[in-house]
Amino acid sequence: MNEGTNALQALSMVPMSADLALLNQCMSDGSGADGRKKKSMLGKWENLTFEHLETTHRRINNNRLDFLTDHLPKELQPPVPEHVPPRQVKVKFAFLTVGDVDTKSQRFVTEIMIQAKWTEPKLKGLANPEDIEDLADLWDPKLKIQNLEEIKGGRDEKWHTVKMGEGDPVVVYKRRLKGSFYENMELKDFPRDVQDISVTLRSELSPAEIEFLPDPDELSTVETSTFQDKQEWAMYKHVEVSTEAPDIDEEGEENPMANVPIITATCRVARRSIFFFWNAILIMMCIVTLSFCGFALDFVDVKFRIAGNLTLLLTSVAFKLSVNQHLPMIPYLTGLDMYLISSMMFLCFMTLLFAGLSVIKDDPVKAKRADRICISVLIPYQILFHIFFAIVFILKTNTRRKFMEKLDEEYLKELAIQKEKEAKERQRKDTKLAESNGPNATNV
């Protein structure tokens, strides 16, 4: 087998003038009818001149290995490499505690347990695989946490166990740590937004070597009772596990993680918006309402109307900047930004309106009529604007919240089915154990 393989490799590296000698060497042991048949098939090569060989060398070089593969004995042909499928790694995540969800820094703190399982044929047949401490010689998935920023409290524990079953032994890798994680928060629905709390596990191996799968036997979980930011957020009960590659970003550039094996566990929290209603929306409503007090001044004193509105406008600008301290620097407007900017634009319009009314201040009849028209139009406009904005914004944000509630219901159903299967499996094992111990107990 080695002689045939070496000969084929030599044929692909030497000049064409040496092909016949090597080929005859490979087939020199042929005898009888088969040997004469193999040699007769090379007769057309023996009549070629060196010039012909030189001009046709590239074409013949591409075809000679195919020729030899077809006519050499099977034992001399090189082995065809078998396709090895990627090794499957089943992963389960358990969010033990979640807290300190910081919108401005786009960080959160969580204590998480990660469990990964894969088969290891090398451990098959061992008497006590649980006693194995050094797994350096075995297959290593090279797992890393992608969005881990720093470890909190110095707690980062890793260990391995081995489970024996009917098939190949299963290596169980566990890691428990508490750390700060980065999360790219979507704030278009702020302050009624729903945020993902995600932990991404990746491998340094290629997709051809490893394949991540959610553990079908154990669902990923989150402990909602230990959530530490209950006054600001409400936590959902489900955990979504995905192995999809990252999407293309807004600039059209492909994410470098697209070709990296990853698996992401995501739990979600919904912001309690009542704080921002009392401390942002209501205050801006009061500022806008006070702008109508300018109509109480005599239309002759236009400068006082304009001065009062400019004061309110500057106040709204300072208020807007104070609200922005709760948010990161993002390139789009949030729902609260849209409301505050709309209110500021209304104050600007009121200031320009008062300036325009100064043209007719010398005509008392026209000035009073203009004031009445402005009041009768602008007050209903503000009322309808707030009603329309509230309805559209609440309906838009409720769509995502209702979808999260639906995911909660589906998750709880899956969890109930899993617990039922575990109970039946325990009952089956207990029954089998009782049957196996029954005769011994009777004999005793």
Could you pull out all residues at least two apart from T264 that satisfy side chain to side chain donor-acceptor pair (under 3.5 Å)? T200

Is the shortest distance from a Lys or Arg side-chain nitrogen in E157 or K174 to a carboxylate oxygen in the other one below 4.0 Å? no

Among residues two or more places apart or on two chains, list those pairs meeting salt bridge (charged side-chain N to carboxylate O under 4.0 Å, His left out) that have a residue in residues 309-335. K320-D337

Is Q231 atom CD crowded by more than 12 heavy atoms from other residues, nucleotides or ligands, each under 6.0 Å away? no

Side chain to side chain donor-acceptor pair (under 3.5 Å) pairs, two or more places apart, involving residues 302-317: R305-D371

Are there over 12 heavy-atom neighbours, none belonging to W159, within less than 6.0 Å of that residue's CH2? yes

Are I263 and R202 packed together at the side-chain level, in the sense that at least one heavy-atom pair is separated by less than 4.5 angstrom? no

Can you name the side chain to side chain donor-acceptor pair (under 3.5 Å) partners of D217, sequence neighbours left out? none

Tabulate below the donor-acceptor pairs under 3.5 Å that side-chain atoms of residues 341-353 make, not counting sequence neighbours, or state none.
unit_1: S342; atom_1: OG; unit_2: M338; atom_2: O; d: 2.7
unit_1: S343; atom_1: OG; unit_2: Y339; atom_2: O; d: 3.0
unit_1: T351; atom_1: OG1; unit_2: L347; atom_2: O; d: 2.9

Using the rule side-chain contact (heavy atoms from CB on, under 4.5 Å), only one of V222, D408, V269 pairs with Y236; which is it? D408

Would you indicate whether F277, at its atom CZ, is surrounded by more than 12 heavy atoms from other residues, nucleotides or ligands within a distance under 6.0 Å? yes

Can I get a per-line list of side-chain donor-acceptor pairs under 3.5 Å for residues 87-97, giving both atom names and the distance, sequence neighbours left out?
unit_1: R87; atom_1: NH1; unit_2: T119; atom_2: O; d: 3.1
unit_1: R87; atom_1: NH1; unit_2: E120; atom_2: OE1; d: 3.3

Residues forming a salt bridge (Lys or Arg N to Asp or Glu O under 4.0 Å) with D168, sequence neighbours excluded: K124

The reported gap from CZ in F181 to CG in N147 (rounded to nearest 0.5 angstrom) is 6.5 Å

Is any NZ, NE, NH1 or NH2 atom of the basic residue among E410 and K413 found under 4.0 Å from an Asp or Glu carboxylate oxygen of the other? no

Kindly write out the residues that satisfy ring-ring contact (aromatic ring centres under 6.0 Å, His included) with Y411, not counting sequence neighbours, or none if the list is empty. none

Residue that, paired with E111, satisfies salt bridge (charged side-chain N to carboxylate O under 4.0 Å, His left out) out of K152, R155, K178: R155

What is the distance from atom CD1 of I281 to atom CZ of F393, rounded to the nearest 0.5 Å? 7.0 Å

Salt-bridge criterion met for D156 and R175 (N-O under 4.0 Å): yes

According to the salt bridge (charged side-chain N to carboxylate O under 4.0 Å, His left out) rule, which pairs have a member within residues 277-294, sequence neighbours left out? none

Lys/Arg N to Asp/Glu carboxylate O, D189 vs R400, below 4.0 Å: no

Side chain to side chain donor-acceptor pair (under 3.5 Å) against S273, all qualifying residues, sequence neighbours excluded: none

For the NZ atom on K406, are there more than 12 heavy atoms of other groups (residues, nucleotides or ligands in this structure) within a distance under 6.0 Å? no

Can a salt bridge be assigned to the pair K188 and D193 using a cut-off of 4.0 Å between side-chain N and carboxylate O? no

Quick one, M404 and K237 - any side-chain contact, counting heavy atoms below 4.5 Å? no

Distance only, no hydrogens: is a donor on one side chain within 3.5 Å (strictly under) of an acceptor on the other, for Q115 and E218? yes

Can you list the residues that meet the salt bridge (Lys or Arg N to Asp or Glu O under 4.0 Å) rule with K424, with sequence neighbours excluded? E420

Is there any salt bridge (charged side-chain N to carboxylate O under 4.0 Å, His left out) pair reaching into residues 323-332, and which pairs are they, with sequence neighbours excluded? none

With T266, the side chain to side chain donor-acceptor pair (under 3.5 Å) member among S220, S242, S198: S198

